[in-house]
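Counting convention: from 1, in listed order, for ligands and their atoms alike. In this text the structure is predicted, and so the values were computed from the model without any measurement. We count residues from 1, following the sequence as given.
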Amino acid sequence: MRCPYCAAEDTRVIDSRPAGEGREVRRRRTCPSCDQRFTTYERAQLPLLVRKRDGSTDPFLLDKVRGGIERALGGREIPAGVIDEILDQVEAAANEAAPVVASEEIGRIVLDGLKRADEVAYLRFASVYKDFQGAEDFEKEMASLED
Ligand SMILES: [Zn+2]
């Protein structure tokens, strides 16, 4: 790879060892042109997948999660930044769970985030994505929010 100091085209690997509990390779490199040394990390980049309740998988797309939240909110305005914050958490959890994240896990993070930000938004999302067995469960959930 190119030298980050002088942009010379070729650098040389002088040491290579496992890092990050074996999930990464750490390389020490040197540049023959300017003699600077630097470190690179190599890590597998797998496509992220979402496993749905029926066991099938879909590519993980943050825009799809955003769309799901917005559809569930049905035009209700929630404080700016709330959805972005939730999506950041979803993305972090998905990367942690890589290469496959469960749709339930994503739903739980969204629910937690909405619950703290906006109770009506939370209930709307919950009614769409949680298994509410009917009006009774919905009322129970409402009551628990009032506590
Ligand atoms: Zn250089």
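Residues R124 and R76 have side chains in contact (heavy-atom distance under 4.5 Å, counting atoms from C-beta outward).
Remark: D10 does not engage R12 in a salt bridge, criterion side-chain N to carboxylate O under 4.0 Å. Salt-bridge annotation for D58 and K52: present, with a side-chain N of the basic residue lying under 4.0 Å from a carboxylate O of the acidic one.
Through direct or relayed side-chain contacts under 4.5 Å between Ile, Leu, Val, Met, Phe, Trp and Tyr, M1 connects to Y5, F38.
Between the side chains of T57 and R51, no donor-acceptor pair is found at a separation under 3.5 Å.
The distance cut-off of 2.8 Å around the Zn ion (ligand 1) captures these protein N, O or S atoms, sorted by chain and number: C3 SG, C6 SG, C31 SG, C34 SG.
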*What's the verdict on side-chain contact (heavy atoms from CB on, under 4.5 Å) for C34 and C3, showing C-alpha distance, side-chain angles and the deciding distance?*
CA-CA 9 Å; C34 69; C3 172; 3.8 Å; yes
